[in-house]
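Here the structure comes first, spelled out in structure tokens, and everything after it is commentary.
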Amino acid sequence: MAKPRLGVIGAGSWTVASHLPALLEHADEIEFTAVNRRGADTLDRIRQRFGFAHAFEDYRDVLDAGVDLCVVASPTGHHHEHAKAALQAGAHVLLEKPMTIDPADAWDLVDTARRHDRHLLIAFGWNYRPMVAEFKELLDRHGIGTVEHLSVHMASVTRELLSRRGAYAGSAEDTVPEPDTWTDPKLSGGGYAQAQLSHALGLALWLTGLRGAQAFAFTAAPLDAPVELHDAIALRFGNGAVGSVAGGSCHTGAGDNKHQLEVRAIGSDGQIHLDVEREYAWLWRQDTDIRLPVQPEDGRYDCKGPIDTLVALAQGRDVPNRSPGELGARTVEILDAVYRSAASGKPESCRS
């Protein structure tokens with residue numbers, strides 16, 4: 001059987017730091033066919049470093065080269081165009097978060113993947129961490145009844161990035177993040193909520209199965225930042241549950257630059273508490289009280305799981321997709337309502 005052919009659209013700083021090294025671990029299983037980004041010199045360095053056969057500044061040339069799996073990590077404002085073209089070209093797609101800016105575009109990608117019988121994954125790396133995957137299996141097995149309340153807190157070292165004063169911890173040293181990718185709303189869709197709360201929602205909605213109905217949001221942009229650094233959000237969900245989501249850009253160096261991310265949910269029959277910063281996972285019911293055995297660093301973020309899953313699915317292997325397109329679309333519905341609420345100063349309904 002021929003090796004699946006890999007294409008990469010948008011080889012920016014995070015792709016170079018995370019996705020491509022993870023893909024190199026599969027170098028014996030896939031062909032590094034074509035890579036894309038702007039800037040001919042940087043593009044050629046990436047081609048040589050990772051062994052791609054071709055490198056193009058036009059993403060369409062990547063698809064014309066013939067690819068079976070494709071990582072789309074271009075700026076968010078281009079995600080719909082790039083991912084849809086890749087799906088239509090016959091590739092299984094891993095799409096960076098946030099999935100899209102407009103929820104209608106997100107659901108269109110879900111429909112496109114279904115119509116073309118392709119796998120669509122969103123880069124929600126925490127969903128694949130063994131600690132989190134085991135906790136999801138525990139929750140699915142025992143349940144907590146109907147979810148009534150959800151609370152999510154997240155903070156990460158994005159002060160410099162979102163205020164255009166520097167990069168973020170973990171970015172590729174030789175491929176500095178382009179500020180507009182993160183701080184031009186036409187490309188990014190917004191600030192911290194798009195950049196990081198997309199992760200938090202991808203985890204919380206995956207655990208609970210909830211779908212947003214309404215959002216009321218306050219945002220703050222200190223440091224004269226062009227986009228918000230902090231978010232405070234009240235939510236109502238389709239099943240009647242209520243919740244809150246808080247996100248903030250914390251200081252570089254604090255807590256060894258480890259993401260703070262905590263999800264709590266109360267259901268009709270029990271409750272859960274997952275904290276990936278402190279490595280804590282607990283489920284309680286009247287008949288069950290379980291704390292998973294975890295080790296330091298079990299909750300630290302990486303995005304290796306989505307890459308491994310993309311490769312496996314492209315090979316035809318039956319492995320779970322823990323970050324499907326429909327999950328990404330549910331996060332976009334909430335994020336879209338968040339930014340409309342912050343602008344209008346009133347609650348806004350989620351739309352699809």
Quick one: ring-ring contact (aromatic ring centres under 6.0 Å, His included) pairs with a partner in [range], sequence neighbours left out?
| range | result |
| --- | --- |
| residues 130-158 | none |
| residues 90-114 | His92-His119 |
| residues 326-352 | none |

Donor-acceptor contacts under 3.5 Å from residues 275-283 side chains, at least two apart:
residue	atom	partner	partner atom	Å
Asp275	OD1	Glu277	N	3.0
Asp275	OD1	Arg278	N	3.0
Asp275	OD2	Arg278	NH1	2.8
Glu279	OE1	Lys258	NZ	3.1
Glu279	OE2	Lys258	NZ	2.5
Glu279	OE2	Glu297	N	3.1
Glu279	OE2	Asp298	N	3.4
Glu279	OE2	Gly299	N	3.0
Tyr280	OH	Arg291	NE	3.0
Tyr280	OH	Arg291	NH2	3.4
Trp282	NE1	Asp289	OD1	2.8

### Message
A quick test of your reading: do over 12 heavy atoms of other residues, nucleotides or ligands sit less than 6.0 Å from CG of Asp41?
### Response
no
Does a salt bridge link [X] with [Y], judged by any charged N lying under 4.0 Å from a carboxylate O?
| X | Y | value |
| --- | --- | --- |
| Arg37 | Asp44 | no |
| Asp58 | Arg60 | yes |
| Lys304 | Asp308 | yes |
| Glu137 | Arg141 | no |

### Task
Report yes if the side chains of Trp14 and His19 come closer than 4.5 Å at any heavy-atom pair, otherwise no.
yes
### Task
For the residue pair Leu327 and Asn127, establish whether any side-chain heavy-atom pair is separated by less than 4.5 Å.
yes
### Query
Got a sec, which hydrophobics cluster with Val242, joining ILVMFWY side chains under 4.5 Å apart, including via others?
none
### Leu69: hydrophobic cluster co-members (side-chain, 4.5 Å)
Leu6, Val8, Val16, Leu20, Leu23, Leu24, Ile30, Phe32, Val35, Leu43, Ile46, Phe50, Phe52, Val71, Leu94, Leu121, Tyr128, Ile307, Leu310, Val311, Leu313, Val319
### Task
Please name the pair of heavy atoms, one in Leu207 and one in Leu274, separated by the smallest distance, quoted to 0.1 Å.
CD1-CD2, 3.8 Å
### Message
Which heavy atom of Leu335 sits nearest to which heavy atom of Pro98, and what is that distance?
### Response
CD1-CB, 4.4 Å
### Summary
Exactly one candidate in Arg340, Arg211, Arg351 meets salt bridge (charged side-chain N to carboxylate O under 4.0 Å, His left out) with Glu333; the answer is Arg211
### Task
Look only at the side chain of Ser13 and the backbone of Ser171, and say whether a donor-acceptor pair between them is shorter than 3.5 Å.
no
### Query
Is Asp231 reaching over with its side chain to a backbone N or O of Ala193, donor-acceptor style, under 3.5 angstrom?
yes
#### Entry: Sole residue of Ile290, Ile144, Leu150, Ile266 in side-chain contact (heavy atoms from CB on, under 4.5 Å) with Ile272
Ile144
### Query
Taking the six-membered ring for Trp, are the ring centroids of His78 and Tyr59 within less than 6.0 Å of each other?
no
#### Entry: Between Thr252 and Glu160, a side-chain donor and acceptor under 3.5 Å
yes
### Task
Specify whether Trp126 and His199 have parallel, tilted or perpendicular ring planes, treating 30° as the upper limit for parallel and 60° as the lower limit for perpendicular.
perpendicular
